[in-house]
Chemist: 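My structure is below; once you've seen it, I'll send some questions.
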Amino acid sequence: PLHSERAASMKYSRDCDCDDFCTTCAAMYKLSIQCPEHVPELAVTSRHLEPMWPESAEIVPVHDASTAPSRAHLDGGERASILIAQRE
């Protein structure tokens with residue numbers, strides 16, 4: 001889940017005049033993480049998402065949103081991240 005105050009001003013991609021995706025109708029992120037062979041487990045979480053466009057930085061995973069419920073007891077005082085994939 002994502003949160004943004006900017007979302008209300010964005011267009012649906014089907015209603016946008018762009019050819020593919022743009023900052024008016026999309027937020028783009030990338031995951032760039034590798035698990036070394038000697039590490040038995042790796043949790044890929046929402047904290048590993050990196051915005052590809054500056055405008056995407058305004059749209060954050062719910063764990064960073066000020067309106068998200070606090071789950072501080074789960075991760076030592078910070079909001080809990082969202083699990084995307086788990087290597088076991």
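From a predicted model like this one, the values you see are computed outputs, not experimental measurements.
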Chemist: Mind checking the CE-OG spacing from M52 to S32? Nearest 0.5 Å is all I need.
Modeler: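 Spacing of CE (M52) from OG (S32) equals 10.5 Å.
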Chemist: My understanding is that only residues two or more places apart in sequence, or in another chain, count here; which of them pass side-chain contact (heavy atoms from CB on, under 4.5 Å) with P36?
Modeler: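 Residues passing side-chain contact (heavy atoms from CB on, under 4.5 Å) with P36: H38, V39.
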Chemist: Considering non-hydrogen atoms only, spot the tightest contact between W53 and A26 and give its length.
Modeler: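 Closest approach of W53 to A26, heavy atoms only: CZ3-O, 3.4 Å.
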Chemist: My understanding is that a hydrophobic cluster links ILVMFWY residues whose side chain heavy atoms are under 4.5 Å apart, including indirect links. Using that, what else belongs to the cluster containing I33?
Modeler: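 Its cluster partners, ordered by chain and number, are L2, M10, Y29, L31, L42, V44, L49, I59, I84.
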Chemist: Who passes side-chain contact (heavy atoms from CB on, under 4.5 Å) against E58, sequence neighbours left out?
Modeler: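 side-chain contact (heavy atoms from CB on, under 4.5 Å) list for E58, sorted by chain: R6.
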Chemist: So do the side chains of P51 and M28 get within less than 4.5 Å of each other, counting heavy atoms only?
Modeler: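 No, side chains not in contact.
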Chemist: Let me check something: any side-chain donor-acceptor pairs from residues 13-20 under 3.5 Å, sequence neighbours excluded? List them with distances.
Modeler:
none

Chemist: Does Q86 CD have over 12 foreign heavy atoms under 6.0 Å away?
Modeler: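 For Q86, atom CD is crowded (more than 12 foreign heavy atoms under 6.0 Å).
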Chemist: Looking only at heavy atoms, which two atoms of S56 and A27 are closest? And how far apart?
Modeler: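 Where S56 meets A27 most closely, the heavy atoms are OG-CA, 3.4 Å.
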Chemist: Given a cutoff of under 4.5 Å between side-chain heavy atoms of I, L, V, M, F, W and Y, with clusters grown through shared members, what are the other residues clustered with L83?
Modeler: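 Grouped by the 4.5 Å side-chain rule, L83 forms a cluster of one, so the answer is none.
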